[in-house]
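Input: a single structure, listed below in structure tokens.
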Amino acid sequence: MEAQTVNLRGYIHGAVNPVQTRKTYLFTKLPASFSSEIRSSIGVSMKSYCSFRSNPLIIRRIFQCRNSVEKADCIGVFDIEEDKPKTIIRRKNLAVFVSGGGSNFRSIYEATLGGSLLGDVAVLVTNKHDCGGAEYALEKGIPVLVFPKRKENQHVFSAEDLVIALRSYKVDFVLLAGYLKLIPVELIQAYPKAILNIHPSLLPAFGGKGYYGMKVHKAVIASGARYSGPSIHYVDEHYDTGRILAQRVVPVLAKDTAEDLAARVLHEEHKLYVEVCKALCEERITWREDGVPLIQSKENPCDYQ
């Protein structure tokens, strides 16, 4: 019999996705079942039905085909690469440092309860045992540590003791939320690139020692600046000099008082700090080659916020 060249065309119904095999490339990911119609240039037409079974223990698909024209069954085996399971990100343990009412601390804590933030406040640290933030933490059952303790206290709680205590709570990140004391070097070394602070101005303007609370807003208004807003930055050995991670712009209005501006900035602080904490706990912080931190978009990791 003389050999003939046959051209075949196939029509596959079902979801089509690109996959890569261990040996070669397939341009279609076959669905659980499909029907196909094959025609040749010599007028032969065949319709086939194929069903697939997957063994979850091995990366192998077994398929069976039944030809409606000829009474013939075929069984074949081929290997494909299954989709890799997504990495499960564990919840992070957070330590929040406050010196006052702790409104940012409350916003972060409420976000953890609501499920939008993949973390938990494991411990609160304060230099004022009777401040509003400490009282709120105790009401919610959150442990409170006082650091540094007053000089008249006989028991000295050192920076090394603080590090040991935070590690006992398995703290992943430290969040400063209105904490007015300089962070000791021992803590910075123990938690590299893991300590954040929020400041009520657009750093590097109106930052540094002595710039905190209402003093910042008074200085902004006195300068004639048209814009202000919160900044979140990584903490180093100095006040407000660490790498800036996120900022939010707030207009300074012509008739603003320091109290007016403070309220407007604080409103944005609460939202911005929660957004940054979400990215932190979801491991969406990346570092540029020049040392600048960036936040990856949750929807598209190639975009940055």
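We use all heavy atoms of the structure for the numbers below, so side chains are in, but hydrogens, waters and symmetry mates are not.
The ring pair (Phe, Tyr, Trp, His ring centres under 6.0 Å) with Phe105 is formed by just one residue from the set Phe97, Tyr273, Tyr136; it is Tyr136.
If you check the side chains of Asp161 and Ser158, you find a donor sitting under 3.5 Å from an acceptor. A donor and an acceptor atom, one from each side chain of Thr112 and Asp120, are nowhere located under 3.5 Å apart. A side-chain donor-acceptor contact under 3.5 Å links Ser201 and His199. Between the side chains of Ser297 and Asn300, no donor-acceptor pair of N or O atoms lies under 3.5 Å.
Residue pairs that meet the salt bridge (charged side-chain N to carboxylate O under 4.0 Å, His left out) test with at least one member in residues 243-256, sequence neighbours left out, are Arg248-Glu268, Arg248-Glu275, Asp256-Arg264.
The backbone N or O of Asp260 lies less than 3.5 Å from a partner atom in the side chain of Thr257, making a donor-acceptor pair.
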Mind listing the side-chain donor-acceptor pairs of residues 202-220 below 3.5 Å, one per line with the distance, residues two or more places apart or on another chain?
unit_1	atom_1	unit_2	atom_2	d
Tyr212	OH	Lys215	NZ	3.4

Enumerate donor-acceptor pairs with a distance under 3.5 Å from any side-chain N or O in residues 171-180 to protein atoms, sequence neighbours excluded.
unit_1	atom_1	unit_2	atom_2	d
Asp172	OD1	Arg90	NH2	2.7
Asp172	OD2	Arg90	NH1	3.1
Asp172	OD2	Asn93	N	2.8
Tyr179	OH	Phe147	O	2.6

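Other residues sharing a hydrophobic cluster with Leu253 under the 4.5 Å side-chain heavy-atom criterion for ILVMFWY residues do not exist; the residue is a singleton. Residues Val292, Tyr304 make up the rest of the hydrophobic cluster containing Leu294, defined by ILVMFWY side-chain heavy atoms closer than 4.5 Å, directly or through other members.
Between Pro230 and Gln247 the shortest side-chain heavy-atom distance does not fall below 4.5 Å.
With sequence neighbours excluded, no residue forms a side chain to side chain donor-acceptor pair (under 3.5 Å) with Arg106.
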Worked check of salt bridge (charged side-chain N to carboxylate O under 4.0 Å, His left out) between Lys92 and Glu283: CA-CA 10 Å; Lys92 304 300 190 295; Glu283 302 176 4; 3.0 Å; yes
Assess whether side chain to side chain contact (heavy atoms under 4.5 Å, CB included) is satisfied between Asn197 and Asp240, documenting all intermediate values. CA-CA 8 Å; Asn197 179 50; Asp240 305 325; 3.6 Å; yes
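Distance check, rounded to the nearest 0.5 Å: NE2 of His267 to CG of Leu272 gives 12.0 Å.
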